[in-house]
Amino acid sequence: MFEASHLQKKIIHIDMDCFYAAVEMRDNPELRNVPIAVGGNGPRSVLCTCNYKAREFGVRSAMPNSRAKALCPELVIVNGRMAVYQQVSQQIRAIFLRYTDLIEPLSLDEAYLDVTDSLMCFGSATLIAEQIRRDIYHELNLTASAGIAPNKFLAKIASDENKPNGQCVVTPDDVSAFVAELPLKKIPGIGPKTSEKLKASGFESCADVRASSVAKLHSIVGKFASSLYQRSFGIDHRALETKRERKSLAIETTMAEDMDSIEQCQLVLLNLFNKLKLRLEKHHDREINKQTVKIKFADFQQTTVDIQSSACLEEVFIRLLEKAMTRANNRKVRLIGLSLGFVEHKADEKQSQLTLF
Ligand code: TTP
Ligand code: MG
């Protein structure tokens, strides 16, 4: 008979520390000991990220520059250099590949690695993670944090536990205790709104969810209920998506000044539409199934409107914009975004959806 441990996977989640900011500090010594952020320098830009010194002042990713400056007047905001971050990301990936080729990149600075069958470091996932972080530090002069666990969900949460420049191991024996105390807002998929809804119904930690049922959860979080119930026990059967295919193509812009007339918004939309068309050329092999317009209003609330569509049509985007604008309630428009959804290919390696319990 197999023991449970023979069936356990070993997943590492690696996440670079304040990635864009760390690259800027590495390349510009004068930025190393001051609070810095990376972002555009317009008065209406938002920050991409900031270093840990800036975080002490409460500065965070996606915060408007003006608010960040109010919290930390000496904050130095530098322009992002995407091409450099992309190049560093490739260097990081080259390091991962020394240990496994089962890699699922989540963004430029974050990836899952499945090292279940790796023979490196005596098969120890903990040592592999340490070694990868050491390689990154010695070769790229940057720090990374890691989570090591039996599945993606736990590994991702664990990588945040000892950030920056740290790692956290959740062994199969630790799982139950690790998740019991976990605040629900730490679960990927639970944003501030859902977290508030759950709290209002008496759910604050995974222990509360465990004591409930999928049916009860369904009435609060809809179809996310069964995932949430599983996560509360530390269960996640998703396999790595090593050949991730793009699900959509999106483009958006924040206006230099908030706009209130639909004509102005239409002009912005047409400009975006032309750019989207150009980008679409690279994905000519993909089949479109949806068009979406997103609007963020001046109060930062956003709304999206979509429609099934098999092409990228200007007039459809314009109709969607008109519909979204009916929700303005006198608010001006801060940002407009357009996106296309793609039909997913049925890949063999698609995650197996196991039903539990
Ligand atoms: P994160 O890993 O979320 O953040 P981080 O690496 O800057 O900081 P941490 O140490 O907490 O991991 O995102 C990685 C990069 O993605 C980040 O350096 C900049 C970019 N980014 C944005 O451009 N906008 C955002 O809102 C966020 C969250 C990240
Ligand atoms: Mg990061």
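First listed ligand is number 1; within each ligand, the first listed atom is number 1. Keep in mind the model is a prediction, meaning the values are calculated, not measured.
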Out of all atoms in ligand 1, which are within 4.0 Å of some heavy atom of Asp17? Include the element for each. 10 (O)
Which of these, Asn165, Asp109, Leu106, has its nearest heavy atom closest to atom 1 (P) of ligand 1? Asp109
Take atom OH in Tyr137; do more than 12 heavy atoms of anything else shown fall under 6.0 Å from it? no
For the residue pair Asn162 and Ser145, confirm or rule out a side-chain donor-acceptor distance under 3.5 Å. no
Neighbouring protein N, O or S atoms of the Mg ion (ligand 2) [cut-off: under 2.8 Å, no waters]: Asp15 OD1, Met16 O, Asp109 OD2
Within the 4.5 Å heavy-atom criterion, are Ser205 and Pro183 side-chain neighbours or not? no
Of all the heavy-atom pairs spanning Ser159 and Asp15, show the shortest one and how long it is. OG-CB, 4.3 Å
For atom 7 (O) of ligand 1, the protein heavy atom that lies nearest, with its residue and separation: Thr49 OG1, 2.5 Å
Phe19 neighbourhood, listing ligand 1 atoms whose heavy-atom distance to it stays under 4.0 Å: 5 (P), 6 (O), 7 (O), 18 (O)
Is Ile12 reachable from Leu108 through a run of I, L, V, M, F, W or Y residues, each pair having side-chain heavy atoms under 4.5 Å apart? yes
Taking both backbone and side-chain atoms of Arg55, is any N or O found less than 3.5 Å from an N or O belonging to ligand 1? yes
Check each of Ala21, Cys18, Cys48, Ala37 against atom 23 (O) of ligand 1 and report the one with the nearest heavy atom. Cys48
Protein heavy atom under 4.0 Å of atom 3 (O) of ligand 1: no
Could you list which atoms of ligand 1 come closer than 4.0 Å to a heavy atom of Tyr52? 9 (P), 10 (O), 11 (O)
Distance only, no hydrogens: is a donor on one side chain within 3.5 Å (strictly under) of an acceptor on the other, for Thr116 and Asp114? yes
Tell me yes or no: between the side chains of Thr303 and Arg327, is some donor less than 3.5 Å from an acceptor? yes
Taking N or O atoms only and a 3.5 Å limit, does Leu47 qualify as a polar contact for ligand 1? no
Describe, in one word, how the ring planes of His13 and Tyr112 are oriented to each other, choosing from parallel (under 30°), tilted (30 to 60°) and perpendicular (over 60°). tilted
Nearest protein heavy atom with distance in Å, relative to atom 15 (C) of ligand 1: Tyr20 CE1, 3.9 Å
Restricting to non-hydrogen atoms, name the atom on Val46 and the atom on Asn65 that form the minimum distance, rounded to 0.1 Å. C-OD1, 3.8 Å
With nothing but distance in play, are any N or O atoms of Glu110 less than 3.5 Å from an N or O of ligand 1? no
One residue to check: Lys163. Relative to ligand 1, which of side chain, backbone, both or neither has a non-hydrogen atom less than 4.0 Å away? side chain
If every non-hydrogen atom of Ser212 is compared with every non-hydrogen atom of Tyr229, which pair is closest and at what distance? O-CE1, 3.6 Å
To check you understand the geometry: which heavy-atom pair defines the closest contact between Val221 and Thr194, and what is its length? CG1-CG2, 3.6 Å
Share the residues that join Met63 in a hydrophobic cluster, the rule being Ile, Leu, Val, Met, Phe, Trp or Tyr side chains under 4.5 Å apart at the heavy-atom level. Leu47, Phe57, Val59, Leu71, Leu75, Ile77
